[in-house]
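Below is one structure, written out as structure tokens; the observations come after it.
On a predicted model such as this, the values are computed, not experimentally measured, just so you know.
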Amino acid sequence: MAQETVNLEGEVVVAEDVGNAGVVTLNRPKQLNVISSTVVKLLAANLEKWEKDENAKLVIIKGAGRAFSAGGDLKMFYDGRNSKDSCLEVVYRMYWLCNHIHTYKKTTVALVHGISMGGGASLMAPMKFSVVTEKTVFATPEASIGFHTDCGFSYMLSRLPGRLGEYLGLTGARLNGRELVAAGLATHFVPLEKLPELEKHLLSLNTDDGAVVRSAIKEFSTDVQIDEESILKKKEIIDECFSKDSASEIISSFEAEAGKEGNGWIVPVLKGLKRSSPTGLKVTLRSIREGRKETLSECLKKEFRITINTLRMRISGDVYEGIRALTIDKDNSPKWDPPTLEKVEDEQVNLVFEPFEEDLELKVSENEQCRWDGKYEDSAYCHQ
């Protein structure tokens with residue numbers, strides 16, 4: 001059930017009507033269910049269909065194999081690096097879809113085992129109910145490869161307690177299932193062995209009553225206790241260091257803490273921070289900080305601008321260099337440009353945040369009556 005491999009050759013998304021529920025399975029197990037243009041199109045089409053279907057009372061999303069979703073298809077972005085805006089369509093569709101996932105009208109449940117990172121986690125965290133297990137691994141590691149926290153995470157991370165959002169966005173630190181529930185990024189912890197039974201039970205409910213669904217999940221869930229070594233127990237240090245004004249000051253402050261007794265956990269995190277793209281760090285920090293004052297739709301529109309400008313190499317080609325080093329050549333030795341935080345000028349960072357002309361912005365409808373408007377097919381991009 002929840003963690004088995006769905007064996008339907010070629011179908012990257014499997015959507016099923018099971019009684020009064022819609023069940024969607026991300027079905028690229030060998031690729032850790034990464035998100036491609038086709039995946040986004042199919043997800044959006046099925047979610048719209050079920051929201052408008054009076055018979056559909058519950059929507060469940062899960063991943064085939066050993067992952068929920070590892071996020072965007074990095075190879076897709078890398079392969080399109082020499083073709084102008086080759087990935088614009090998938091980016092537009094994904095951010096547009098993120099808005100609908102956050103505001104979905106039916107009761108939604110994500111059954112999340114294994115990897116749930118970046119854009120993949122954006123299919124988990126906004127759900128009314130997100131069920132994680134002892135095998136769940138969450139991270140938003142985009143800054144390390146010259147990108148930024150996207151798919152609504154400048155909104156979600158900025159609303160976590162204290163400065164945890166900055167910490168997760170800048171370091172790409174991983175959280176396990178229990179930590180996700182404790183941090184508020186998931187709602188329930190259910191042991192993996194119980195997930196198939198929980199799914200079966202949810203499908204038998206035949207209700208759209210969120211209270212009934214919550215109660216049903218609670219029957220299978222266990223209370224979480226986080227380890228003493230968890231970063232969630234390091235709140236004081238994280239809040240102190242990651243509240244600094246700039247990425248440089250954050251790193252300096254963190255470095256000072258690393259030298260104190262009992263703070264050995266900081267050393268590997270600091271090493272990762274220093275190896276990350278300076279441009280990615282600066283853009284991510286600003287985006288999360290701005291996210292605190294922005295609505296969801298404002299965050300998504302901003303993220304769309306940043307992403308398109310980043311892929312267009314408006315100020316740096318770091319995103320392609322980061323992907324090359326991580327997944328193409330796998331040498332883990334990226335050559336960043338600019339190479340240091342000091343050389344990334346604020347004026348340069350401003351460029352990726354600049355608004356587009358009105359008809360080229362992401363279209364997110366604020367009107368409930370036409371909330372499914374604004375599709376890529378209706379955008380100026382599609383008709384260029």
Side-chain angles (χ1 to χ4, degrees), residues 1-8 11 13-27 33 39 42-69 97-114 116 120-136 138 177-178 180-182 184-224 368 371-372:
M1 295 283 292
Q3 70 272 24
E4 71 184 12
T5 299
V6 176
N7 190 21
L8 289 169
E11 293 199 43
V13 170
V14 178
E16 305 166 277
D17 292 288
V18 184
N20 289 89
V23 181
V24 61
T25 305
L26 303 171
N27 191 37
N33 300 322
V39 169
L42 292 170
L43 275 175
N46 282 289
L47 288 174
E48 181 176 1
K49 179 191 80 172
W50 286 324
E51 188 178 281
K52 293 176 176 177
D53 181 357
E54 290 182 7
N55 294 319
K57 300 182 184 301
L58 178 72
V59 174
I60 294 174
I61 184 169
K62 58 181 181 171
R66 60 192 177 89
F68 179 71
S69 173
L97 176 61
C98 284
N99 178 65
H100 290 80
I101 289 172
H102 275 266
T103 58
Y104 204 65
K105 302 306 179 191
K106 300 287 176 79
T107 300
T108 50
V109 181
L111 300 177
V112 187
H113 63 284
S116 178
S122 75
L123 305 176
M124 169 201 84
M127 294 292 181
K128 289 186 174 69
F129 302 104
S130 45
V131 178
V132 292
T133 77
E134 69 274 16
K135 296 289 187 183
T136 305
F138 165 91
R178 290 178 174 85
L180 281 169
V181 174
L185 286 164
T187 60
H188 295 82
F189 180 89
V190 172
L192 180 60
E193 62 183 23
K194 291 185 177 182
L195 218 52
E197 194 183 343
L198 168 60
E199 182 182 346
K200 191 175 176 183
H201 184 53
L202 290 172
L203 292 174
S204 72
L205 290 178
N206 190 28
T207 181
D208 56 3
D209 187 334
V212 174
V213 174
R214 180 184 286 107
S215 178
I217 297 172
K218 192 161 175 54
E219 285 179 39
F220 292 81
S221 68
T222 57
D223 292 336
V224 299
E368 289 297 308
R371 63 184 250 94
W372 291 95

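Residues I60 and L203 are in side-chain contact: their nearest non-hydrogen atoms beyond the backbone lie under 4.5 Å apart. With a 4.5 Å cut-off on side-chain heavy atoms, L43 and L123 count as touching. The shortest distance between side-chain heavy atoms of D17 and W50 falls below 4.5 Å. In this structure the side chain of E51 reaches within 4.5 angstrom of the side chain of R371, judged on heavy atoms. Between L202 and V109, the closest side-chain pair of non-hydrogen atoms falls below 4.5 Å. Taking 4.5 Å as the limit, every side-chain heavy atom of V13 sits out of range of all side-chain heavy atoms of N27. In this structure, the side chains of Y104 and M127 stay at 4.5 Å or more apart for every pair of heavy atoms. Side-chain contact between H113 and K62 is absent, with no heavy-atom pair separated by less than 4.5 Å.
Checked against side-chain contact (heavy atoms from CB on, under 4.5 Å), N20 has the following partners two or more places apart in sequence or in another chain: N55, K57, N206.
Residues A121 and P126 approach most closely at O-CD, 4.2 Å, considering heavy atoms. Heavy-atom minimum distance, T25 versus G63: CG2-C, 4.2 Å. Of all heavy-atom pairs between L26 and S69, the closest is CD1-CB, 3.9 Å. Listed here is the closest heavy atom pair of A182 and V224: N-CG2, 4.5 Å. Nearest approach of A216 to L205, heavy atoms of both residues: CB-CD1, 3.8 Å. Residues V132 and G177 come closest through the heavy atom pair CG2-O, 3.4 Å.
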TODO: Could you check V131 against V112 for side chain to side chain contact (heavy atoms under 4.5 Å, CB included), going step by step and ending with a plain yes or no?
DONE: CA-CA 6 Å; V131 178; V112 187; over 6 Å; no

TODO: Evaluate the side chain to side chain contact (heavy atoms under 4.5 Å, CB included) criterion for residues V213 and D209: first the C-alpha distance (whole Å), next the side-chain angles of each, then the deciding distance (0.1 Å), finally the verdict.
DONE: CA-CA 6 Å; V213 174; D209 187 334; over 6 Å; no

Open item on the list: salt bridge (charged side-chain N to carboxylate O under 4.0 Å, His left out) for E134 and R178? Distances and angles first, verdict last.
Closed with: CA-CA 7 Å; E134 69 274 16; R178 290 178 174 85; 6.0 Å; no

- [ ] Applying side chain to side chain contact (heavy atoms under 4.5 Å, CB included), run through T187 and V181 and close with a yes or a no.
- [x] CA-CA 6 Å; T187 60; V181 174; over 6 Å; no

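The line from CG of N33 to CZ of R66 is 10.0 Å long, rounded to the nearest 0.5 Å. A distance of 8.5 Å separates OG in S221 from NZ in K194, rounded to the nearest 0.5 Å. Taking CD1 from I61 and CG from L47, the interatomic distance works out to 7.0 Å, rounded to the nearest 0.5 Å. We find the OG-CG distance between S130 and L111 to be 10.0 Å, quoted to the nearest 0.5 Å.
Remark: side-chain polar atoms of S116 are not paired, donor with acceptor, to backbone N or O of F68 under 3.5 angstrom. Panel note: side chain T108, backbone K128; a donor-acceptor pair is recorded below 3.5 Å. A side-chain donor-acceptor contact under 3.5 Å links T107 to the backbone of D208. Counting only distance, with no hydrogens or angles, the side chain of S215 and the backbone of A211 share no donor-acceptor pair below 3.5 Å. Between the side chain of K106 and the backbone N or O of D53, at least one donor-acceptor pair lies under 3.5 Å.
Aromatic ring pairs are classed by plane angle as parallel below 30°, tilted from 30° to 60° and perpendicular above 60°; the pair H188 and F129 is tilted.
Atom NZ of K49 is surrounded by more than 12 heavy atoms from other residues, nucleotides or ligands within 6.0 Å.
In this structure, F220 has its ring center closer than 6.0 angstrom to the ring center of H201.
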